[in-house]
Amino acid sequence: MLHHPLIDNLHAMRLKGMAAALEHQLTMPEIEDMDFMDRLGLLIDREAAERDTIRLRTRLRFAQIPQQACLEDLDTRTARGIDKATLQHVLALSWIEDHLNVLVTGATGVGKSYLASALAQAACRNEYSVRCFRIPRLVDELAKAQAMNNRSAFFRKLAKVDLILLDDFGLAPLAESTVRDLLEILDDRYDRKSTIVTSQLPIDQWHGYLGDPTVADAILDRLIHNSYRLNLEGESMRKKSARKLAKSASTKP
C-alpha cells in the first residue's frame with residue numbers, strides 16, 4: 001500500500017499529529033504485529049497532544065507573560081515571609097475557578113513579577129485564558145483604544161479573560177481617566193474573573209496612590225476583600241544572582 005498519499009491527505013485535513021504519528025509507525029518494524037485499534041489509538045493520542053500544544057502556544061502568545069517563569073522552578077525553600085498554607089492555596093490555582101484575586105507586594109527584586117508570571121504560565125497550562133500588562137503598557141492600550149474609538153470593545157475583551165496580571169502597580173502616577181478606566185475593568189471582573197496585581201507599594205498605601213477617594217474605595221473594594229495577599233520579604237533576587245555570578249567568575253582560572 002502506498003502510504004504517501006494517505007500522509008498527504010492527513011496534512012491536507014490539518015491532522016498533522018496523526019500524520020507525524022503514522023510516519024513514525026512506518027519506521028517501526030514491530031508495528032505490523034500491533035492491533036489495528038491500538039495503532040489507531042496511538043494516532044488519535046498524538047493528534048490530541050498536538051492540538052493541546054497548539055492551543056497552549058496560542059494562549060501563551062495572547063497572554064504576553066512578562067517573564068519566562070514556571071511554578072516548578074519556584075524557589076519555595078527561601079524564606080519570604082509568606083504563610084505556607086496560603087502559598088499552597090495560591091499555587092493550586094483553585095482561586096481562579098472561585099474568581100478570587102492575588103495581590104503580591106514587596107520591595108524591588110524579591111520575586112514578585114517572577115511569581116506572578118509563573119502563576120500566569122500555570123494558568124495557561126490549565127487552559128485558562130490569560131492577559132498580562134505592565135501598568136505603563138495598559139495605559140498605552142487604553143489610550144490606543146480611546147484614539148480608535150473602540151474603548152468599549154477593549155473592555156469587553158478584557159472582561160472575558162479568565163486571569164489578568166497587572167504588573168508594577170504603583171510605580172508611576174496615574175491620570176484620573178486611567179484610574180476610572182481601571183475601575184471599569186475591575187468592576188467587570190468582580191466575582192466573575194480573577195486578577196493578579198504586583199506592587200512595591202504596601203496595600204495600605206494604594207488608596208492614597210489612586211487619588212480620588214471615592215474611586216479608590218470602589219477599586220480596592222473589588223480587589224482586596226476577595227483576595228489572597230502575598231507580601232514577599234527578603235533580599236533582592238537580582239543582587240543574589242549577581243553575587244553568584246561574581247563568585248563563579250572569580251573562581252575560574
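Small disclaimer: the values here were computed from a predicted structure and weren't measured. Index from 1, following the sequence.
- Under the 4.5 Å side-chain criterion, counting only non-hydrogen atoms from C-beta, L71 is not in contact with Q121.
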Could you list the donor-acceptor pairs under 3.5 angstrom formed between side-chain atoms of residues 137-159 and any protein atom two or more places apart in sequence or on another chain?
unit_1 : atom_1 : unit_2 : atom_2 : d
R151   : NE     : D181   : OD1    : 3.2
R151   : NH2    : D181   : OD1    : 2.7

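- Contact record, L232 with I82: CD2-CD1, 2.8 Å, taken as the closest heavy-atom pair.
- The minimum heavy-atom distance between T105 and L201, with the atom names listed, is CG2-O, 3.6 Å.
- For E97, the CD atom sits in a loose shell: 12 or fewer heavy atoms of surrounding residues, nucleotides or ligands are nearer than 6.0 Å.
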With side chain to side chain contact (heavy atoms under 4.5 Å, CB included) as the criterion, how do V215 and L210 come out once you've worked through the C-alpha distance, each side chain's angles and the decisive distance to 0.1 Å?
CA-CA 8 Å; V215 179; L210 290 167; over 6 Å; no
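- The shortest non-hydrogen separation linking D167 to P66 is OD2-CG, 4.2 Å.
- Linking ILVMFWY side-chain heavy atoms closer than 4.5 Å, directly or via other members, places Y190 and I164 in two distinct hydrophobic clusters.
- Nearest heavy atom pair, residue N101 against residue R222, reads ND2-O, 3.3 Å.
- Under a 3.5 Å cut-off, the side chain of K112 and the backbone N or O of A107 do form a donor-acceptor pair.
- R51 has its side chain within reach of L15: a pair of non-hydrogen atoms, C-beta onward, lies under 4.5 Å apart.
- Contact check for Y114 versus D73: side-chain heavy atoms found under the 4.5 Å cut-off.
- Both L183 and W206 belong to a common hydrophobic cluster when Ile, Leu, Val, Met, Phe, Trp and Tyr are linked at side-chain heavy-atom distances under 4.5 angstrom.
- For D212, the salt bridge (Lys or Arg N to Asp or Glu O under 4.0 Å) partners at least two apart in sequence or on another chain are R180.
- For the atom pair CD1 (I203) and CZ (R229), the distance works out to 5.0 Å, reported to the nearest 0.5 Å.
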Could you walk me through whether L166 and I185 pass the side chain to side chain contact (heavy atoms under 4.5 Å, CB included) test, one step at a time?
CA-CA 11 Å; L166 301 177; I185 292 168; 6.0 Å; no
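- Checked against ring-ring contact (aromatic ring centres under 6.0 Å, His included), Y209 has the following partners two or more places apart in sequence or in another chain: F169.
- The hydrophobic cluster containing V161 does not contain Y128, counting ILVMFWY residues as joined when their side-chain heavy atoms lie under 4.5 angstrom apart, directly or transitively.
- For the pair Y228 and T86, the tightest heavy-atom approach, listed with the atom from each and the gap, is CD2-CG2, 3.8 Å.
- Counting only residues at least two apart or in different chains, salt bridge (Lys or Arg N to Asp or Glu O under 4.0 Å) contacts with residues 116-135 comprise E72-R125, R134-D168.
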Might you work through the side chain to side chain contact (heavy atoms under 4.5 Å, CB included) test for V130 and L165, ending with a clear yes or no?
CA-CA 8 Å; V130 178; L165 164 59; 5.6 Å; no
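- In plain terms, the two heavy atoms of R46 and A20 that are nearest each other are NH2-CB, 3.4 Å.
- Residues Q200 and L171 have side chains in contact (heavy-atom distance under 4.5 Å, counting atoms from C-beta outward).
- As a member of the Ile/Leu/Val/Met/Phe/Trp/Tyr network built from side-chain separations under 4.5 Å, L56 groups with L60, I65.
- Contact annotation: the side chain of D217 approaches that of H207 to within less than 4.5 Å [non-hydrogen atoms, C-beta and beyond].
- A heavy-atom distance below 4.5 Å is found between the side chains of L91 and L74.
- Using a 4.5 Å cut-off on side-chain heavy atoms (C-beta onward), I96 and N126 make no contact.
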L119 vs L163, side chain to side chain contact (heavy atoms under 4.5 Å, CB included): CA-CA, chis, key distance, verdict:
CA-CA 10 Å; L119 290 170; L163 175 64; 5.5 Å; no
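- Around atom NE2 of H24, no more than 12 heavy atoms belonging to other residues, nucleotides or ligands sit under 6.0 Å away.
- Heavy atoms of other residues, nucleotides or ligands lying less than 6.0 angstrom from CD of Q64 number more than 12.
- Applying the salt bridge (Lys or Arg N to Asp or Glu O under 4.0 Å) test to D52 and every residue at least two apart in sequence or in another chain returns R55.
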